[in-house]
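All values below were derived from every heavy atom in this structure, side-chain atoms included, with hydrogens, water molecules and symmetry-related copies excluded. A, B, ... follow the sequence lines: proteins, then strands. Residue 1 opens every chain.
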Protein chains: 2
Amino acid sequence: MDISIILYLIYKLPEQSKLALQNNVSEIAFQKGHILLKANKIESNIYFIKKGLVRAFIERDNEVTFWFGKEGETVISMKSYVEEQPGYESIELLEDCELYELKTENLKKLFSEDVHIANWGRKFAEKELIKTEERLISKQFKNASERYLELMKDHPELLQRIQLGHIASYLGITQVSLSRIRGELK
Amino acid sequence: MDISIILYLIYKLPEQSKLALQNNVSEIAFQKGHILLKANKIESNIYFIKKGLVRAFIERDNEVTFWFGKEGETVISMKSYVEEQPGYESIELLEDCELYELKTENLKKLFSEDVHIANWGRKFAEKELIKTEERLISKQFKNASERYLELMKDHPELLQRIQLGHIASYLGITQVSLSRIRGELK
DNA sequence: TTCATTTTTTATCATTTGTTAAATTTTTTC
DNA sequence: GAAAAAATTTAACAAATGATAAAAAATGAA
């Protein structure tokens with residue numbers, strides 16, 4: 001997915017602002033397994049996924065996957081980006097990826113200079129917020145089985161591309177529980 | 001809490017922008033029990049809490065409280081605000097409240113005109129996003145008992161001000177389970 | 001292909017949380 | 001302050017999910 005489309009899907013920018021933003025973006029590729037962002041570190045870049053698939057995970061006693069990103073999505077350590085503090089998540093590439101890279105330092109400069117880009121940044125945060133809020137509510141209302149069906153309905157392609165251990169973790173259950181749920185659905 | 005402080009806690013604005021924003025804010029008071037925002041409705045105002053306490057809840061088969069707002073916090077139907085679509089939550093006043101009211105229509109006009117206010121709006125969404133993300137992660141990592149202890153630690157005053165049925169719902173468990181957890185902690 | 005490794009499923013038992021109903025405590029109203 | 005209403009706790013049993021181990025299936029490397 002081209003960068004101009006990715007930016008547009010967040011918020012339509014006037015031509016000049018769009019170019020100003022795109023001029024700060026460079027292309028880069030990494031292989032499956034690469035760790036793109038590291039936990040407990042202030043990250044200085046954000047990425048847009050041109051092609052491929054990644055996951056965000058947090059490690060404590062166990063490891064929990066809490067986000068998947070595919071083509072068109074933004075890879076970001078939110079805590080680094082918002083508070084300039086070490087983030088809690090690492091990002092691992094689940095497939096070979098082509099990415100667009102943007103230095104947050106440059107982005108923040110553009111935010112202060114260009115009202116359209118500031119509103120683009122606002123829309124980005126707002127849309128991410130809606131998605132996160134919907135997941136929180138889903139978790140509050142639905143049991144594991146219902147959340148699995150919801151994922152199948154909303155993102156069926158992820159089930160083809162991601163191994164079930166990660167899916168289970170994302171759903172907030174163990175892999176064994178997910179297998180049981182899948183078994184019961186047959 | 002005064003409006004100037006509330007706005008400042010989100011993002012420091014230059015004097016002129018601050019006044020432009022404050023000029024669109026009016027004061028209003030409602031009694032405990034009042035429904036400030038209604039689910040399935042496109043809401044046209046947002047509110048800042050000067051004094052008092054509110055909850056956001058969603059009704060389906062059962063009713064789930066998923067947010068509490070106290071002095072200094074912003075009351076908003078995020079779906080209305082971001083997507084101009086009917087929101088899923090209602091807001092009920094848990095105490096008599098003094099509020100600052102702001103028409104989203106006016107706010108959006110200011111976003112397009114004033115880069116500082118656009119960045120204020122960006123920061124607002126970003127900070128809400130961090131809070132929501134942290135709750136989602138807490139839900140993924142911790143069991144009900146741990147989440148209760150976390151709430152006691154981070155917001156002890158809420159436990160004094162809010163009845164346990166709402167707290168249990170917020171934690172994602174039944175009131176009976178919460179009582180059991182409290183009993184075991186003694 | 002064949003063997004080794006990884007992923008997924010199945011089974012068993014333990015723990016957590018839900019459901020329902022009743023008892024107790026607290027708050028509100030008169 | 002007494003009665004009524006609302007909120008909280010307790011108890012008993014049911015259902016969902018976790019933990020551990022082992023079996024089966026799928027994938028990858030030589």
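The CZ atom of A:F141 sits 16 Å away from the C1' atom of C:dG18 (whole-angstrom rounding). Between A:Y148 atom OH and D:dT17 atom P the separation is 14 Å, expressed in whole Å. Distance NZ (A:K142) to P (C:dG18): 17 Å, rounded to an integer number of Å. The CD-P distance, from B:E184 to C:dT16, rounds to 8 Å in whole Å. Taking atom CG on B:L164 and atom C1' on C:dT24, their separation rounds to 15 Å, with Å as the unit. We find that CG of A:L149 is positioned 14 Å from P of D:dA16, with the value rounded to whole Å. What separates CD of B:Q163 from P of D:dA7 is a distance of 5 Å, to the nearest Å. B:I173 has its CD1 atom 13 Å from the P atom of D:dT8, to the nearest Å.
Between B:D2 and B:S4, the side chains place a donor N or O and an acceptor N or O closer than 3.5 Å (distance only, hydrogens not considered).
The cationic group of A:K108 lies under 6.0 Å from the six-membered ring centre of A:Y81 and within 45° of the ring axis, placing it in a cation-pi geometry.
In terms of phosphate contacts, B:R182 brings a side-chain nitrogen or oxygen within less than 4.0 Å of OP1 or OP2 of D:dT9. Side-chain N/O atoms of A:S177 include one lying less than 4.0 angstrom from OP1 or OP2 on D:dG18.
Residue-to-nucleotide proximity on DNA chain D shows that, of A:N143 and A:V176, the 5′-proximal contact is made by A:N143. Between B:G172 and B:K32, the one whose closest nucleotide on DNA chain C sits nearer the 5' end is B:G172. Map B:H166 and B:R180 each onto its nearest nucleotide of DNA chain D; the residue landing nearer the 5' end is B:H166.
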Side-chain donor/acceptor pairs under 3.5 Å, residues 25-47 of chain A, sequence neighbours excluded:
| residue | atom | partner | partner atom | Å |
| --- | --- | --- | --- | --- |
| A:E27 | OE1 | A:K50 | NZ | 3.1 |
| A:E43 | OE2 | A:K38 | N | 2.7 |
| A:Y47 | OH | A:E101 | OE2 | 2.8 |

Identify every side-chain donor-acceptor pair in residues 164-174 of chain B under 3.5 Å, counting partners at least two apart or on other chains, and give the distances.
| residue | atom | partner | partner atom | Å |
| --- | --- | --- | --- | --- |
| B:S169 | OG | B:T65 | N | 2.6 |
| B:Y170 | OH | B:R135 | NE | 3.3 |
| B:T174 | OG1 | B:S177 | N | 3.2 |
| B:T174 | OG1 | B:S177 | OG | 3.2 |

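As judged by a 4.0 angstrom heavy-atom cut-off over every strand, A:T174 is placed among residues touching the sugar-phosphate backbone only.
Annotation: side chain of A:N24 is not in contact with side chain of A:L107 (no heavy-atom distance under 4.5 Å). When side chains are defined from C-beta on, A:M1 does not count as touching A:F48, because their heavy atoms never get closer than 4.5 Å.
An end-to-end axis angle of 50° holds for the helix from C:dT1-D:dA30 to C:dC30-D:dG1, taken from five base pairs per end and rounded to 10°.
The pair B:E150-B:K153 does not meet the salt-bridge criterion, since no charged nitrogen lies less than 4.0 angstrom from a carboxylate oxygen.
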